Chemist: 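Submitted below is the structure of interest, expressed as structure tokens.
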Amino acid sequence: MRFLRISKLNFTMHHLSEQEIIRRDNLTKLKDAGVEAYPSESFDVNAFCKDVKDQFKDGDTTFQSVSMAGRLMSRRIMGKASFAELQDSSGRIQIYISRDDICPEDDKTLYNDVFKKWLDLGDFIGIKGFAFYTQMGECTIHVTELKVLSKSLRPLPVVKVDDTGKVHDAFTDPEMRYRQRYVDLIVNPEVRETFKQRTAMYTSMRNYLNERGYLEVETPILQPLYGGAAARPFTTHHNTLDMKLYLRIANELYLKRLIVGGFDGVYEFSKDFRNEGMSRFHNPEFTQIELYVAYKDYQWMMNLVEEMVEKVAIDLHGTSKVKVGENIIDFKRPWKRYTMYEAIEHFTGVDISQMNEDQLRDTARKMHVHVDNTMGKGKLIDEIFGEKCEDQLIQPTFITDYPVEMSPLAKRHPSKPGLVERFEAICNKKEIANAFSELNDPIDQRKRFEEQLDLGKRGDSEAMVLDEDFLRALEYGMPPTAGLGIGMDRLAMIMTNQNSIQEVLFFPQMKAEKE
RNA sequence: GAUCUGGUAGCUCAGCUGGUAGAGCAAUACACUUUUAAUGUAUGGGCCCUGGGUUCGAAUCCCAGCCAGAUCACCA
């Protein structure tokens with residue numbers, strides 16, 4: 001019955017374009033001539049385009065017996081000799097093919113037919129040969145052997161760069177680039193670089209945290225209760241257990257359970273899911289790193305964030321200064337620090353620290369901040385900050401001491417009533433990190449959850465739900481703990497100078513393509 | 001979810017106030033043994049996003065829809 005599982009896609013052939021028909025035709029001709037278009041045996045590579053171009057000097061004895069593989073990306077045929085470009089994972093190099101070098105015998109099929117007629121741009125080939133410089137001074141591989149490694153049946157966009165460096169016919173349509181990222185990666189080398197930098201960012205952070213002895217862990221994505229953030233979840237269903245499950249919106253409550261269990265420091269790069277709107281800053285699935293360290297507080301965590309993010313910038317760029325849009329952002333320590341009240345006073349000139357709810361609402365209205373009567377004190381402060389301060393914070397800056405109403409999992413500030421020990425790091429007008437001294441008083445935590453339940457009953461779809469097992473864990477006792485979350489996609493956008501989250505996700509979420 | 005902009009050849013794009021669908025690259029054929037956005041000559045290639053409407057006639061004007069991008073609102 002297995003054939004029934006084959007998807008419909010295998011049977012519905014799209015209408016073939018002229019160029020696709022020609023490529024299928026060429027495939028048939030290769031096979032008829034006894035050339036295997038999809039050979040199975042290994043083709044051993046001993047050099048990459050970039051290395052040859054960077055290291056080969058004219059007259060050197062190096063790279064005189066190279067074996068290379070990649071896609072054929074351009075072709076300039078001049079009768080019995082041709083220039084072409086080979087692209088591998090490292091970049092491109094020009095290759096030179098002369099008929100009598102690759103066909104020393106009488107049979108010239110390999111050059112006249114296979115290379116000139118039956119190969120197409122995008123096909124994978126393997127070559128053997130030696131490096132030299134042409135009369136025009138370009139580093140080139142003189143090909144002595146040519147092998148077909150894999151035939152390409154669809155035409156690629158042909159992007160050309162002229163001698164002034166100007167790019168012609170760039171493949172730029174965002175819809176096609178995101179839906180067919182493989183094509184984007186083939187023809188746009190800078191896209192490949194962005195994703196390599198994203199991985200370098202993960203490596204940098206992982207190394208930093210591992211060196212300090214923190215344990216990288218994995219916690220459930222499918223959760224019976226969602227928690228750790230204010231957001232609407234995706235829901236799903238487990239058939240055998242016949243139970244409703246949620247895709248996690250955060251992993252905070254699970255990592256804290258591990259601190260209760262006795263680990264001193266745990267972290268996880270966590271793919272989280274939020275069933276909310278999409279924008280150039282929001283994808284339904286995104287990645288956060290969360291870190292929890294026992295016996296530490298938020299002040300200590302601020303120092304860690306500065307040190308780690310500065311290191312990331314240096315590991316990626318060799319300097320703490322990173323170009324982001326029109327700005328140069330310098331991650332060098334120490335970063336500016338403001339309490340939320342100080343920040344508001346600094347950017348608006350108004351000291352709100354002693355104001356009650358009504359005074360705050362009046363002040364907000366005078367500043368033309370949109371507020372309504374359902375907003376409590378914490379929400380009002382948050383609105384004023386968001387409207388008047390956040391947009392002015394380009395350089396990395398810590399904002400500390402948030403209203404307790406916005407932070408149900410954070411510890412109360414010992415000397416500032418109504419506030420919690422929390423900070424956010426803001427950079428390029430956006431939050432890049434959020435951290436607090438974790439609330440470890442189980443009685444207070446239960447009370448805060450109950451306040452969230454009330455919000456939920458009043459219609460707040462993002463209010464947290466009460467997690468009885470998490471409270472049970474806290475009742476066994478959790479050491480004082482500092483916790484941190486960093487939005488990896490947002491940080492990647494800054495570190496790679498991209499202004500859309502889709503540029504740092506290989507496969508951003510898209511609506512289904514029409515047939 | 002709201003507003004604006006866009007969807008034409010494999011790719012990048014023209015196509016005016018309605019009148020036989022265009023260019024460059026790519027492709028096909030021929031020539032050319034150090035070119036480089038190779039060149040020269042010739043040729044083929046289109047569900048103009050979809051569905052309605054107006055009109056003698058629609059890629060073009062109108063309406064509805066689909067997809068994308070930008071901005072805004074919620075959010076990381």
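Bear in mind the structure is a predicted one, so any value in this text is a computation, not a measurement. In what follows, every chain begins at residue 1, and chains take the letters A, B, ... in the order their sequences are listed. Side chains included, hydrogens not; waters and symmetry mates left out as well; all remaining heavy atoms used.
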Chemist: Quick one: label A:Asp272 by what it contacts on the DNA or RNA (base, sugar-phosphate, nothing), any heavy atom closer than 4.0 Å.
Modeler: nothing

Chemist: Is the shortest heavy-atom distance from the side chain of A:Lys388 to the side chain of A:Met367 under 4.5 Å?
Modeler: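 A side-chain contact exists here, since the closest heavy-atom pair is under 4.5 Å.
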
Chemist: Does any non-hydrogen side-chain atom of A:Gln19 lie less than 4.5 Å from one of A:Ile21?
Modeler: no

Chemist: For the pair A:Phe83 and A:Tyr96, name the ring-plane relationship: parallel under 30°, tilted 30 to 60°, perpendicular over 60°.
Modeler: tilted

Chemist: Under a 3.5 Å cut-off for both contacts, is B:U50 paired Watson-Crick or G-U wobble with anything, and if yes, with which nucleotide?
Modeler: B:A64

Chemist: Just how far, in rounded Å, is C1' of B:U36 from NZ of A:Lys53?
Modeler: 12 Å

Chemist: Measuring from the side chain of A:Ala81 (C-beta onward, heavy atoms only), which nucleotide among B:U36, B:G10, B:U33 has the closest atom?
Modeler: B:U33

Chemist: Checking all strands, does A:Val159 fall into the base, sugar-phosphate, or nothing category for heavy-atom contacts under 4.0 angstrom?
Modeler: nothing

Chemist: Whole-Å distance between B:U35 C1' and A:Ile93 CD1?
Modeler: 15 Å

Chemist: So, is the end of the A:Lys151 side chain (NZ or CZ) under 6.0 Å from the ring centre of A:Phe124 and within 45° of the ring's axis?
Modeler: no

Chemist: Inspect the contact between A:Arg206 and A:Glu216 and indicate whether a charged nitrogen and a carboxylate oxygen are less than 4.0 angstrom apart.
Modeler: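 Salt bridge flag = yes for A:Arg206 with A:Glu216.
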
Chemist: Between protein and nucleic acid, restricted to nucleotides 24-28 of chain B and to nitrogen or oxygen atoms under 3.5 Å apart, what atom pairs and distances do you find?
Modeler:
{"from": "B:G24", "atom 1": "N2", "to": "A:Asp169", "atom 2": "OD1", "distance (Å)": "3.2"}
{"from": "B:G24", "atom 1": "N2", "to": "A:Asp169", "atom 2": "OD2", "distance (Å)": "3.4"}
{"from": "B:C25", "atom 1": "O3'", "to": "A:Lys160", "atom 2": "NZ", "distance (Å)": "3.1"}
{"from": "B:A26", "atom 1": "OP1", "to": "A:Lys160", "atom 2": "NZ", "distance (Å)": "3.0"}
{"from": "B:A26", "atom 1": "N3", "to": "A:Gln19", "atom 2": "NE2", "distance (Å)": "2.9"}

Chemist: Where the side chain of A:Tyr178 is defined as all heavy atoms beyond and including C-beta, which of B:G69, B:A76, B:U35 is the nearest nucleotide?
Modeler: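 The closest nucleotide is B:G69.
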
Chemist: NA contact type, A:Ile77, heavy-atom cut-off 4.0 Å: base, sugar-phosphate, or nothing?
Modeler: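 The residue A:Ile77 makes base contact.
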
Chemist: Looking at residues 500-511 of chain A, who's got a heavy atom less than 4.0 Å off RNA chain B?
Modeler: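 Going residue by residue through residues 500-511 of chain A, the ones with a heavy atom under 4.0 Å of RNA chain B turn out to be A:Gln502, A:Met510, A:Lys511.
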
Chemist: Hey, which of these two, A:Arg280 or A:Gln135, hits RNA chain B nearer its 5' end, going by closest nucleotide?
Modeler: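 Nearest-nucleotide comparison on RNA chain B picks A:Gln135.
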
Chemist: Among A:Glu290, A:Glu285, A:Glu218, find the residue that satisfies the salt bridge (charged side-chain N to carboxylate O under 4.0 Å, His left out) test when tested with A:Lys271.
Modeler: A:Glu285

Chemist: Have a look at A:Gly487 and say if it touches a base, only the backbone sugar-phosphate, or nothing, with a 4.0 Å heavy-atom cut-off.
Modeler: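 Nothing: the residue A:Gly487, judged by heavy atoms under 4.0 Å, touches no strand.
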
Chemist: What is the distance, to the nearest angstrom, from the CD atom on A:Glu85 to the P atom on B:U34?
Modeler: 18 Å

Chemist: Any strand is fair game: report the nucleotide pairing with B:U35 by Watson-Crick or G-U wobble, both distances under 3.5 Å, or none.
Modeler: none

Chemist: So which nucleotide does B:U28 pair with, by the Watson-Crick or G-U wobble rule with both distances under 3.5 Å?
Modeler: B:A42

Chemist: CZ of A:Arg232: more than 12 outside heavy atoms within 6.0 angstrom?
Modeler: no

Chemist: Within the 4.5 Å heavy-atom criterion, are A:Phe171 and A:Met176 side-chain neighbours or not?
Modeler: yes

Chemist: Remember a base hit wins even if backbone is also touched, and classify A:Glu138 as base, sugar-phosphate or nothing at under 4.0 Å, heavy atoms.
Modeler: base

Chemist: Please state how far atom CD1 in A:Ile97 lies from atom P in B:C32, giving the value in whole angstrom units.
Modeler: 18 Å

Chemist: Just to be sure I understand the rule, does A:Asp173 reach a base, reach only the sugar-phosphate, or reach nothing, if contact means heavy atoms closer than 4.0 Å?
Modeler: sugar-phosphate

Chemist: Any chance you could measure A:Tyr182, atom OH, to A:Phe506, atom CZ, to the nearest 0.5 Å?
Modeler: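 Here the rounded value is 14.0 Å.
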
Chemist: Does any donor-acceptor pair link the side chain of A:Gln94 with the base of B:U35 at a separation under 3.5 Å?
Modeler: yes

Chemist: Heavy-atom nearest nucleotide on RNA chain B for A:Lys80 versus A:Ala170: which residue maps closer to 5'?
Modeler: A:Ala170

Chemist: Tell me the interatomic distance from A:Glu431, atom CD, to B:A76, atom P, rounded to whole angstroms.
Modeler: 6 Å

Chemist: Could you state the OH-C1' distance from A:Tyr402 to B:A76, rounded to the nearest angstrom?
Modeler: 13 Å

Chemist: Stacking between B:A76 and A:Phe286, yes or no? Criterion: centroid separation under 5.5 angstrom, plane angle under 30 degrees.
Modeler: yes

Chemist: Any donor-acceptor pair under 3.5 Å between the side chain of A:Tyr96 and the base of B:U33?
Modeler: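 Side chain to base: pair present.
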
Chemist: Within the pair A:Arg76 and B:U35, is there a side-chain N or O less than 4.0 Å away from OP1 or OP2?
Modeler: no

Chemist: So which nucleotide does B:U20 pair with, by the Watson-Crick or G-U wobble rule with both distances under 3.5 Å?
Modeler: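 Check on B:U20: unpaired, no WC or wobble geometry under 3.5 Å.
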
Chemist: Under 4.0 Å, heavy atoms only, any strand: does A:Phe132 hit a base, just the sugar-phosphate, or nothing?
Modeler: base

Chemist: Check the distance between B:A68's P and A:Met176's CE and give it to me in whole angstrom.
Modeler: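 The answer, rounded to whole Å, is 14 Å.
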
Chemist: For A:Glu175 and B:A70, what is the distance between atoms CD and P respectively, to the nearest whole Å?
Modeler: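 After rounding, the gap between these two atoms is 12 Å.
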
Chemist: My understanding is that only residues two or more places apart in sequence, or in another chain, count here; which of them pass ring-ring contact (aromatic ring centres under 6.0 Å, His included) with A:Phe234?
Modeler: none

Chemist: Angle between ring planes, A:Tyr111 versus A:Phe115, binned at 30° and 60°: parallel, tilted or perpendicular?
Modeler: parallel

